[in-house]
Amino acid sequence: MKPIRLYITAAVLALAGIMATQAGAQVLRDADFNSIGRINGNGVVRDATGRSAGLFDDDGTVRDVKGTAMGVIKELEIFDTTGNRIGYINPDGTVRDGESNLLGCISINDGKVTNANKETIGFARGVRVDWIACYYFFHFFDK
(Lines give C-alpha, C1' and ligand atoms only; values in the text may rest on other atoms or scores of the structure.)
Protein backbone atom coordinates (compact mmCIF):
# COMPACT_ATOMS: atom_id res chain seq x y z
CA MET A 1 0.00 0.00 0.00
CA LYS A 2 2.88 2.36 0.75
CA PRO A 3 4.25 2.30 -2.85
CA ILE A 4 0.82 3.36 -4.12
CA ARG A 5 0.72 6.30 -1.68
CA LEU A 6 4.21 7.38 -2.76
CA TYR A 7 3.16 7.15 -6.41
CA ILE A 8 0.06 9.29 -5.77
CA THR A 9 2.14 11.78 -3.76
CA ALA A 10 4.70 12.06 -6.55
CA ALA A 11 1.96 12.52 -9.15
CA VAL A 12 0.25 15.28 -7.15
CA LEU A 13 3.56 17.09 -6.57
CA ALA A 14 4.51 16.78 -10.23
CA LEU A 15 1.16 18.11 -11.40
CA ALA A 16 1.25 21.00 -8.94
CA GLY A 17 4.84 21.78 -9.87
CA ILE A 18 4.03 21.82 -13.57
CA MET A 19 1.05 24.09 -12.98
CA ALA A 20 3.09 26.48 -10.84
CA THR A 21 6.03 26.61 -13.25
CA GLN A 22 3.85 27.22 -16.29
CA ALA A 23 1.86 29.93 -14.59
CA GLY A 24 4.83 31.93 -13.26
CA ALA A 25 4.06 34.04 -10.22
CA GLN A 26 0.67 33.21 -8.75
CA VAL A 27 -1.41 35.53 -6.65
CA LEU A 28 -2.43 34.43 -3.17
CA ARG A 29 -5.85 35.75 -2.22
CA ASP A 30 -7.92 36.02 0.95
CA ALA A 31 -11.54 34.89 1.30
CA ASP A 32 -12.77 38.14 -0.29
CA PHE A 33 -10.48 37.53 -3.29
CA ASN A 34 -8.15 40.40 -2.34
CA SER A 35 -4.48 39.92 -3.18
CA ILE A 36 -2.42 39.11 -0.07
CA GLY A 37 0.79 37.96 -1.73
CA ARG A 38 2.46 36.01 -4.52
CA ILE A 39 4.52 32.88 -4.98
CA ASN A 40 6.51 32.51 -8.18
CA GLY A 41 7.50 29.25 -9.87
CA ASN A 42 10.93 29.39 -8.19
CA GLY A 43 9.37 29.41 -4.71
CA VAL A 44 9.90 33.09 -3.87
CA VAL A 45 7.13 34.38 -1.60
CA ARG A 46 6.17 38.06 -1.65
CA ASP A 47 3.68 39.99 0.47
CA ALA A 48 0.86 42.17 -0.91
CA THR A 49 3.26 45.12 -1.38
CA GLY A 50 5.75 43.04 -3.38
CA ARG A 51 8.35 42.73 -0.61
CA SER A 52 10.06 39.40 -0.14
CA ALA A 53 8.49 37.33 2.65
CA GLY A 54 10.58 34.17 2.26
CA LEU A 55 11.11 31.27 -0.08
CA PHE A 56 10.87 27.55 -0.70
CA ASP A 57 14.26 26.01 -1.52
CA ASP A 58 14.62 23.22 -4.09
CA ASP A 59 15.52 20.79 -1.28
CA GLY A 60 12.20 21.45 0.53
CA THR A 61 13.53 23.91 3.12
CA VAL A 62 11.13 26.75 3.91
CA ARG A 63 12.95 30.01 4.70
CA ASP A 64 11.88 33.37 6.07
CA VAL A 65 12.91 36.72 4.57
CA LYS A 66 16.27 36.60 6.40
CA GLY A 67 17.04 33.13 5.02
CA THR A 68 16.49 31.37 8.34
CA ALA A 69 15.03 27.87 7.99
CA MET A 70 11.49 27.66 9.37
CA GLY A 71 10.64 24.14 8.31
CA VAL A 72 11.04 21.44 5.70
CA ILE A 73 8.66 19.84 3.21
CA LYS A 74 9.20 16.16 2.38
CA GLU A 75 6.70 14.25 0.21
CA LEU A 76 3.66 16.31 1.28
CA GLU A 77 4.70 16.23 4.95
CA ILE A 78 5.73 19.41 6.77
CA PHE A 79 8.33 19.33 9.53
CA ASP A 80 9.58 22.00 11.92
CA THR A 81 13.29 22.79 12.21
CA THR A 82 13.79 20.10 14.87
CA GLY A 83 12.41 17.37 12.61
CA ASN A 84 8.99 17.01 14.24
CA ARG A 85 6.17 16.45 11.78
CA ILE A 86 3.76 19.35 12.19
CA GLY A 87 1.42 18.42 9.36
CA TYR A 88 0.74 16.66 6.10
CA ILE A 89 -1.39 16.84 2.98
CA ASN A 90 -3.46 13.91 1.74
CA PRO A 91 -3.80 13.25 -2.02
CA ASP A 92 -7.39 14.56 -1.89
CA GLY A 93 -6.13 17.98 -0.68
CA THR A 94 -7.07 17.68 2.99
CA VAL A 95 -4.49 19.21 5.32
CA ARG A 96 -3.93 17.79 8.79
CA ASP A 97 -1.68 18.77 11.67
CA GLY A 98 0.96 16.50 13.19
CA GLU A 99 -1.68 14.78 15.34
CA SER A 100 -3.96 14.12 12.34
CA ASN A 101 -6.47 16.83 13.27
CA LEU A 102 -8.16 18.37 10.24
CA LEU A 103 -6.92 21.90 9.47
CA GLY A 104 -8.69 22.37 6.16
CA CYS A 105 -8.67 21.52 2.49
CA ILE A 106 -7.04 22.74 -0.71
CA SER A 107 -9.04 22.16 -3.87
CA ILE A 108 -6.73 20.74 -6.51
CA ASN A 109 -9.16 21.89 -9.23
CA ASP A 110 -9.58 25.59 -8.46
CA GLY A 111 -7.11 26.42 -5.66
CA LYS A 112 -9.83 27.26 -3.14
CA VAL A 113 -8.55 26.97 0.44
CA THR A 114 -11.05 26.16 3.20
CA ASN A 115 -10.60 25.73 6.94
CA ALA A 116 -11.78 22.79 9.04
CA ASN A 117 -15.28 24.34 9.20
CA LYS A 118 -15.40 24.42 5.36
CA GLU A 119 -15.25 28.23 5.36
CA THR A 120 -13.25 29.78 2.53
CA ILE A 121 -10.03 31.36 3.79
CA GLY A 122 -8.32 32.00 0.47
CA PHE A 123 -7.49 31.11 -3.09
CA ALA A 124 -4.18 30.01 -4.61
CA ARG A 125 -4.69 28.58 -8.07
CA GLY A 126 -1.64 27.12 -9.83
CA VAL A 127 0.52 26.97 -6.67
CA ARG A 128 1.93 23.71 -5.31
CA VAL A 129 -0.34 22.29 -2.61
CA ASP A 130 2.50 21.90 -0.11
CA TRP A 131 3.42 25.58 -0.54
CA ILE A 132 -0.24 26.58 -0.11
CA ALA A 133 -0.43 24.56 3.12
CA CYS A 134 2.71 26.22 4.49
CA TYR A 135 1.31 29.65 3.68
CA TYR A 136 -2.32 29.32 4.80
CA PHE A 137 -2.29 26.60 7.47
CA PHE A 138 1.17 26.61 9.00
CA HIS A 139 1.60 30.40 8.73
CA PHE A 140 5.30 30.27 7.90
CA PHE A 141 5.15 33.72 6.31
CA ASP A 142 3.08 35.62 8.87
CA LYS A 143 4.76 38.71 10.23
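Quantities reported herein were computed from a predicted structural model and do not represent experimental measurements.
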> Have N84 and T82 got a donor and an acceptor in their side chains that come within less than 3.5 Å?
Replying inline: yes
Who are the side-chain contact (heavy atoms from CB on, under 4.5 Å) partners of [X], not counting sequence neighbours?
| X | answer |
| --- | --- |
| I36 | L28, D30, Y135, Y136 |
| D97 | E99, N101, L103 |
| S35 | V27, R29 |
| K118 | none |

Residue pair [X] / [Y], side-chain heavy-atom distance below 4.5 Å:
| X | Y | result |
| --- | --- | --- |
| V62 | V72 | no |
| C134 | I78 | yes |
| I39 | V44 | no |
| I86 | F138 | yes |

Single-linkage hydrophobic cluster [X]~[Y], side-chain heavy atoms < 4.5 angstrom:
| X | Y | value |
| --- | --- | --- |
| F123 | I121 | no |
| V95 | I108 | yes |
| M70 | I73 | yes |

>> Between V45 and R38, is the side chain to side chain contact (heavy atoms under 4.5 Å, CB included) condition met? List the steps.
In response: CA-CA 6 Å; V45 181; R38 296 176 91 63; over 6 Å; no
>> Tell me every residue that passes salt bridge (charged side-chain N to carboxylate O under 4.0 Å, His left out) with D92, counting only those two or more places apart in sequence or in another chain.
In response: none
Minimum heavy-atom separation for [X] and [Y], please, with both atom names.
| X | Y | result |
| --- | --- | --- |
| T120 | A31 | O-CB, 3.2 Å |
| S52 | R46 | N-NH1, 3.5 Å |
| A133 | I89 | CB-CD1, 3.8 Å |
| Y88 | E77 | CB-CG, 4.0 Å |
| Q26 | R125 | OE1-O, 3.0 Å |
| F137 | I106 | CE1-CG1, 4.0 Å |

>> Is the distance from the ring center of F141 to that of F56 below 6.0 Å?
In response: yes
>> Rounded to the nearest 0.5 Å, what separates atom CZ in F140 from atom CG in D80?
In response: 7.5 Å
> Does the pair D57 and R63 meet the rule for a side chain to side chain contact (heavy atoms under 4.5 Å, CB included), with working shown?
Replying inline: CA-CA 8 Å; D57 284 344; R63 299 188 181 280; 2.5 Å; yes
>> Among residues at least two apart in sequence or on other chains, which ones pass side-chain hydrogen bond (donor to acceptor under 3.5 Å, both in side chains) with R96?
In response: none
>> Using the rule given for side-chain hydrogen bond (donor to acceptor under 3.5 Å, both in side chains), can you reason through T61 versus D59, listing the C-alpha separation, both sets of side-chain angles and the distance that settles it, and then say yes or no?
In response: CA-CA 6 Å; T61 303; D59 68 356; 2.9 Å; yes
>> Under 4.0 Å between a side-chain nitrogen and a carboxylate oxygen: does that hold for D64 and K66?
In response: no
>> Is there a salt bridge (Lys or Arg N to Asp or Glu O under 4.0 Å) between D110 and K112? Walk through the geometry before answering.
In response: CA-CA 6 Å; D110 62 7; K112 183 177 180 181; over 6 Å; no
> Are the side chain of N115 and the backbone of N117 linked by a donor-acceptor contact shorter than 3.5 Å?
Replying inline: yes
